[in-house]
Amino acid sequence: MPHWTIHLFRKGLRLHDNPTLLAALESSEVVYPVYILDRKFLMSAMNMGTLRWHFLLQSLEDLQRNLTKLGSCLLVIQGEYESVLRDHVKKWNITQVTLDAEIEPFYKEMERTIQVLGGEMGFDVLSLMGHTLYDIRRILDMNGGTPPLTYKRFLHILSVLGDPDMPVRNLTAEDFQRCKPPPELCLAECYRVPLPEDLEIPRESQSPWRGGETEGLQRLEQHLKNQGWIANFTKPKTIPNSLLPSTTGLSPYFSLGCLSVRSFFYRLSNIYAQSKNHSLPPVSLQGQLLWREFFYTVASATPNFTKMAGNPICLQINWYQDAERLHKWRMAQTGFPWIDAIMTQLHQEGWIHHLARHAVACFLTRGDLWISWEEGMKVFEEMLLDADYSINAGNWMWLSASAFFHQYTRIFCPVRFGKRTDPEGQYIRKYLPVLTNFPSKYIYEPWTAPEEAQKQAGCIIGQDYPLPMINHKEASDRNLQLMKQVREEQYGTAQLTREPRADTKMQICICDH
Ligand code: FAD
């Protein structure tokens, strides 16, 4: 008997390479495409700032439009997910719920609850992996049931597994023809995508990035036209302070599943196949997708992955608790223009370059302030459009040298790092207009400018823009000793995520101690 199905979108907000939705359509007489907007669940799973709320709503609107074009619609239902499902399973005589399998503990918990509900109410649950290149469980199995803890080991496992599955075909109007939900439902006001004001989300703060599959695909196609750039992409050579993204800028779209990583992976493979030479992991574009996959794999099987306490791969560090300093970092008030410009871009746009993330994360943790990576991770979680449970925590552990990264003597200098690729400080001038008129000579360390120069620039340091909150040289020397001591004391933990040879990921480090 064909099913009456609710397809529950969680991430995976797309119609291309959507294996679960395809399976739903192939096994059903009627499919109700549903997004449950459970604010309590969403906010408890990961704190979500205004910019990401806008991005989510735009992505839902786009999905709604694209489903309508194919003769279906998106039914957005606000409320607590369990009771919403219970009500609608009964109301619509549902026999199957389909959803993408996810690795985050909160999504796994949701799936377990739905399974139990299915047992109780008599519906089937079908969940397939669509958010990663591989079914992560296969990687774990191949590694003996535990995650490979180094990128090299991870690549080795993948080489045994072979290429990821090919993307499934795009969905068409014919797929939806047979499975239309009743048309009056699609028109019902109560199922529309809410407006920002319905959710009391201020309209004025919006990122220049627009959410949705359509926008994501446009950006993707634009990049793929530039085959030379794709083939030669070398991550450490991309520029953190260019005024437009120097990398793909696709992360917000991957994060919500508006874009399929498998589709991107195979489009890259096609370009590589036509190129004489191309870059390779870890620095190539496919290499970036594999970093994503790596962090998903480790996160999926590491207890307390987003915390220090109870996390077996993470060094246990006695970080300072300093709310005032944390606040200055968060609010772009450190007095280091390079750091403050990055944090301002993060506030205004919700996206910053990977190496810019390096700069501010190192500054907060092992570089200058010695404040826990968990605090930084929470700020990123709130502000980033691409905020992701596994990747965010994994990279914060990396940057704070709590796991994965071992060249801890390399500390980014908050003055020299940015100067290398933007000596005139155009990026700082854009995001910190108060410093616009400073001569380039002083733009990265305006406190060194003579009083006359400050007056001429119309900005007195200590009055119109803060003095540096810390002496970088003294702080980083002290922190280095602390880190050395921690690593000696916790040698076993430090070795867990260490490659046999030196790290190969980022060779771009500015100030070696
Ligand atoms: P590209 O260089 O074009 O790479 C293509 C894709 O590969 C990205 O969209 C992303 O999906 C993946 N990718 C790239 N770099 C990494 C990486 N280092 N680790 C894992 N996947 C990667 N990325 C997130 O998507 N969400 C986060 O919450 C997040 N938090 C981070 C926190 C810190 C402290 C740091 C240092 C990095 C973080 N990153 C995060 C990783 C990385 O900075 C972003 O993925 C990247 O900058 C996104 O820009 P892009 O799409 O142009 O990347």
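Ligands are counted one by one from 1 in listed order, and the atoms in each one are counted from 1 as well. Keep in mind that this is a model prediction, so the values were computed, not measured.
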If you measure from each non-hydrogen atom of Trp291 to ligand 1, which part falls under 4.0 Å: side chain, backbone, both or neither?
both

N-O pairing of Lys108 and Glu102 below 4.0 Å:
no

Return yes or no for this condition: an N or O of Trp396 is under 3.5 Å from an N or O of ligand 1.
no

Salt bridge check: are Arg138 and Asp135 linked by an N-O gap of less than 4.0 Å?
no

Between His353 and ligand 1, does any nitrogen or oxygen pair lie at a separation below 3.5 Å?
no

Heavy-atom distances under 4.0 Å are what count here, so tell me which part of Thr238 touches ligand 1: side chain, backbone, both or neither.
neither

If we number the atoms of ligand 1 from 1 as shown, the ones under 4.0 Å from a heavy atom of His358 are 36 (C)

Tell me, please: is Gly249 in heavy-atom contact with ligand 1, that is, under 4.0 Å?
yes

If the plane angle is over 60° it's perpendicular, under 30° parallel, otherwise tilted; pick one for Phe41 and Tyr107.
tilted

May I ask you to identify, for Met377, whether its side chain, its backbone, both or neither come under 4.0 Å of ligand 1 on a heavy-atom basis?
neither

Aromatic rings Trp329 and Phe380: how do their planes relate, parallel, tilted or perpendicular, breaks at 30° and 60°?
parallel

Which option out of Pro240, Cys362, Ser251 puts a heavy atom nearest to atom 8 (C) of ligand 1?
Ser251

Which is it for Val261 and ligand 1 at heavy atoms under 4.0 Å: side chain, backbone, both or neither?
neither

Check ligand 1 against Phe233 and write out every atom of the ligand that is under 4.0 Å from a heavy-atom position of the residue.
2 (O)

In ligand 1, the atoms that come under 4.0 Å of a heavy atom of Phe254 are 9 (O), 11 (O)

Heavy-atom contacts with Leu399 under 4.0 Å: which atoms of ligand 1 show up? List them by number with element.
36 (C)

Determine, for Glu109 against Arg112, whether the closest basic-nitrogen to carboxylate-oxygen distance falls under 4.0 angstrom.
yes

Heavy-atom distance to atom 2 (O) of ligand 1: which of Met46, Lys235, Arg292, Arg219 wins?
Lys235

Geometric class of the Trp370/Trp319 ring pair [parallel <30°, tilted 30-60°, perpendicular >60°]
tilted

Output yes when a side-chain donor or acceptor of Ser269 lies under 3.5 Å from a complementary backbone atom of Phe265, and no otherwise.
yes

Out of Met397, Met383, Arg357, who is nearest to atom 44 (C) of ligand 1 when you count heavy atoms only?
Arg357

So is Leu285 close enough to ligand 1, meaning a heavy atom under 4.0 angstrom away?
yes

Under-4.0 Å salt bridge between Glu221 and Arg267:
yes

Answer yes or no: is there an ion pair linking Arg357 with Asp386, defined by an N-O contact shorter than 4.0 Å?
yes

Quick check on Trp351 - does any of its heavy atoms sit under 4.0 Å from an atom of ligand 1?
yes

Would Arg416 and Glu445 pass as an ion pair if we require N to O under 4.0 Å?
no

May I ask you to list the atoms of ligand 1 that are less than 4.0 angstrom from any heavy atom of Ala387?
28 (O)

List ligand 1 atoms under 4.0 Å from Phe380, heavy atoms only on the residue side.
32 (C), 33 (C), 34 (C)

Classify the angle between the aromatic ring planes of Trp209 and Tyr253 as parallel (below 30°), tilted (30 to 60°) or perpendicular (above 60°).
tilted

In ligand 1, which numbered atoms sit nearer than 4.0 Å to a non-hydrogen atom of Thr248?
1 (P), 3 (O), 5 (C), 50 (P), 51 (O), 52 (O)

Tell me the closest heavy-atom pair linking Leu128 and Pro19, and the distance in Å.
CD1-O, 3.8 Å

Any atoms of ligand 1 less than 4.0 Å from a non-hydrogen atom of Phe295? List them with their elements.
19 (N), 20 (C)

